[in-house]
Number of protein chains: 2
Amino acid sequence: MATGRTHRPATRSRGIPEATVARLPLYLRALTALSERSVPTVSSEELAAAAGVNSAKLRKDFSYLGSYGTRGVGYDVEYLVYQISRELGLTQDWPVVIVGIGNLGAALANYGGFASRGFRVAALIDADPAMAGKPVAGIPVQHADDLEKIIQDNGVSIGVIATPAGAAQAVCDRLVAAGVTSILNFAPTVLSVPEGVDVRKVDLSIELQILAFHEQRKAGEEAAASDGGVPTAAARSDSTDQGPDGDMPAVMPA
Amino acid sequence: MATGRTHRPATRSRGIPEATVARLPLYLRALTALSERSVPTVSSEELAAAAGVNSAKLRKDFSYLGSYGTRGVGYDVEYLVYQISRELGLTQDWPVVIVGIGNLGAALANYGGFASRGFRVAALIDADPAMAGKPVAGIPVQHADDLEKIIQDNGVSIGVIATPAGAAQAVCDRLVAAGVTSILNFAPTVLSVPEGVDVRKVDLSIELQILAFHEQRKAGEEAAASDGGVPTAAARSDSTDQGPDGDMPAVMPA
DNA sequence: CCATCTTTGTGCACGCGTTCACAAAGACAT
DNA sequence: ATGTCTTTGTGAACGCGTGCACAAAGATGG
């Protein structure tokens, strides 16, 4: 997962709960797909299914933004796309720098999902002099020495760190000193930042470990079930859960 | 961060709260670093700082695993590494397949964080015949036609999807049919899976959008503050929060 | 053996997030 | 207009997660 922020009281920003903010991009994606198929309106039930959430939750989420639906009809797709985009700040252009152009950095530079959402890769930065000038995803890589200048010239406030863990904190410090106030961190380290700077983290290995935990649990239960054996202290398992996955089929309407 | 599962009563697996499970890898990483520096014991306060969490939370998390600490001393690093590894199921070897060897898939194949945590890339799979046989990260790419055979021959239960969005559901269906029960999805789509299959999702674009939201809010507040202006309906802001961000793992367990 | 000091483990209270369930609101037909 | 039907918006209840604060446990020294 991406583990989100670390400590801090989970203050709700601007009256909109964090949990809701985290789902808005999900709704936006589903709505964009509907928009491309020229669907004019959508009910909370349909949209919720497309986004993979509960419809009551979706309605409550939208209620924080205002009353944008029409009872008996549903939500106007285009209007909602606009409202959510505006709420997320995607109506403006966000220049982003990616630091650390290894395999992952290159993948991020090539990722199409950015441009379509108001993000623009302003620069690619790497510490390796051999990389300098080499184009990745059509953008020439620049040397880390120029980091501060690049940030300031482009008015960058969002930085992506894709360096090895050892370099991450130093890069982070320089980014922050140069004026970056939001950081997306792919390096497996806890970054310490001054107040007012947001950090979100994505750690691939952590996601896999969480999956492994559940996988092990499933395997254990299955074994216990077929064995009929009593759970031992070494491989205890309980039966207090009704099923591993109480999910709804996230059905996409045809 | 990864956006994880969607709804679901957040059943706690085996008595260990999901939120705790999500933090165990974090502790494990910090402990591993301590272990490499041959630190024998660590207090909850120190470890919490290293992992970026509250010490009370850490102690409570560990209490779900059992009483592994010594009062007045702290926790034995090696012992704790072992206990958490075992709890997460990392003492066994997890063969993993990566489907979709584009930029991202290649980056994942090269990612070092897997092998060190008990994960082994058993195969790389791509639908492009031109990729077949080409080695990526030292592993020859295999064609998607052989997906089922590869899964079964290697006893794979964890799959990583790094294909374009359009192909993701079809790949997912085939993985599940072949026996995969845990999926890490990088494609920007909601996957629908049968009960008993866990899906975790990582969406880079979503993470950036959440950052943009907070960034916009910070910019708005700053403007309002220097203006001294009254928040308008279009750009309202409040002052009831002391800090920009709460956590909220956008990832919920499956 | 007793006193003191450190650090764990946890009972408890509080707040956020989720879900249910329903009244209010509007569309649409007659 | 009036009634019916659909779907929103939300009040209220519940449950999980968090953090405080402290008692219990053990180390350590005299």
Side-chain angles (χ1 to χ4, degrees), chain A residues 3-13 15-24 27 40-49 51-77 79-80 83 240-241 246-248, chain B residues 4-13 15-24 27 40-49 51-76 79-80 83 240-243 245-253:
Chain A
T3 13
R5 242 342 188 33
T6 36
H7 27 349
R8 182 129 10 138
T11 336
R12 69 176 47 177
S13 323
I16 300 182
E18 265 302 310
T20 295
V21 173
R23 281 188 295 268
L24 289 181
Y27 302 145
T41 61
V42 65
S43 71
S44 63
E45 202 71 48
E46 293 166 332
L47 184 55
V53 302
N54 178 298
S55 72
K57 192 187 295 186
L58 178 143
R59 287 198 300 276
K60 178 145 289 193
D61 282 343
F62 285 175
S63 77
Y64 292 116
L65 310 184
S67 286
Y68 296 147
T70 306
R71 297 175 192 227
V73 177
Y75 300 90
D76 182 277
V77 172
Y79 187 58
L80 205 47
Q83 290 298 342
T240 59
D241 43 17
D247 214 326
M248 283 182 34
Chain B
R5 241 344 186 32
T6 37
H7 28 347
R8 173 135 11 140
T11 332
R12 66 177 49 177
S13 324
I16 301 183
E18 266 304 312
T20 295
V21 172
R23 280 188 295 267
L24 289 182
Y27 302 144
T41 61
V42 65
S43 72
S44 62
E45 203 71 47
E46 293 166 333
L47 185 54
V53 301
N54 178 301
S55 72
K57 193 187 297 185
L58 178 143
R59 287 197 299 276
K60 180 149 292 193
D61 283 342
F62 286 175
S63 79
Y64 292 115
L65 309 185
S67 286
Y68 295 147
T70 306
R71 299 175 191 228
V73 177
Y75 298 92
D76 182 276
Y79 187 56
L80 204 46
Q83 289 299 341
T240 59
D241 43 15
Q242 68 265 39
D245 174 348
D247 198 298
M248 188 77 258
V251 162
M252 259 326 228

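Just so we're clear, the structure is a prediction, and the values are computed from it rather than from any experiment. As a basis for the values below, the full set of heavy atoms in this structure was taken, side chains included, without hydrogen atoms, waters or symmetry mates.
Distances from the side chain of Tyr75(B) to the nucleotides dG26(D), dG9(C), dG17(D) place dG9(C) closest. Relative to the side chain of Ser63(A), the nucleotides dG17(C), dT18(C), dT10(D) differ in distance, and dT10(D) lies closest. Minimum atom distance to the side chain of Val73(B) is reached by dA27(D), of the listed dA27(D), dG19(D), dG9(D).
Aromatic ring centres of Tyr68(A) and Tyr79(A) lie closer together than 6.0 Å.
Regarding Glu45(A), its CD atom lies at a distance of 13 Å from the C1' atom of dC20(C), rounded to whole Å. Atom-to-atom, NZ of Lys57(A) to P of dA12(D) comes out at 22 Å; the value is rounded to the nearest Å. Separating the CD atom of Glu18(A) from the C1' atom of dG17(C) is a distance of 12 Å, rounded to the nearest angstrom. Atom-to-atom, CG of Leu65(A) to C1' of dG9(D) comes out at 13 Å; the value is rounded to the nearest Å. The CZ atom of Arg23(B) sits 12 Å away from the C1' atom of dC16(D) (whole-angstrom rounding). Atom OH in Tyr68(A) sits about 11 Å away from atom P in dG9(D), given to the nearest Å. In this entry the distance linking CG of Leu58(B) with P of dT7(C) reads 14 Å, nearest Å. The nearest whole Å value for the distance from the CG atom in Asp61(A) to the P atom in dC16(C) is 16 Å.
Closest heavy-atom contact between Arg59(B) and Tyr75(B): CG-OH, 3.8 Å.
The phosphate of dT10(C) has neither OP1 nor OP2 within less than 4.0 Å of any side-chain N or O from Lys60(B). Distances shorter than 4.0 Å separate none of the side-chain N or O atoms of Arg59(A) from OP1 or OP2 on dC20(C). Between Tyr64(B) and dG17(D) there is no side-chain N or O to OP1 or OP2 distance below 4.0 Å. Between Ser44(A) and dT7(D), a side-chain N or O to OP1/OP2 separation shorter than 4.0 Å is absent. A close approach under 4.0 Å does not occur between any side-chain nitrogen or oxygen of Arg71(B) and OP1 or OP2 of dT28(D).
For the side-chain contact (heavy atoms from CB on, under 4.5 Å) with Val42(B), the qualifying choice from Leu47(B), Val73(B), Asp76(B) is Leu47(B), the only one to do so.
Across all strands shown, Phe62(B) has no heavy atoms under 4.0 Å from either base or sugar-phosphate atoms.
The distance from atom CG of Asn54(A) to atom NZ of Lys60(A), rounded to the nearest 0.5 Å, is 11.5 Å. The OG1 atom of Thr41(A) sits 11.5 Å away from atom CG of Leu80(A), with the distance rounded to the nearest 0.5 Å.
The 5' end of DNA chain C is approached more closely, in terms of each residue's nearest nucleotide, by Gly72(B) than by the other of Gly72(B) and Thr70(A).
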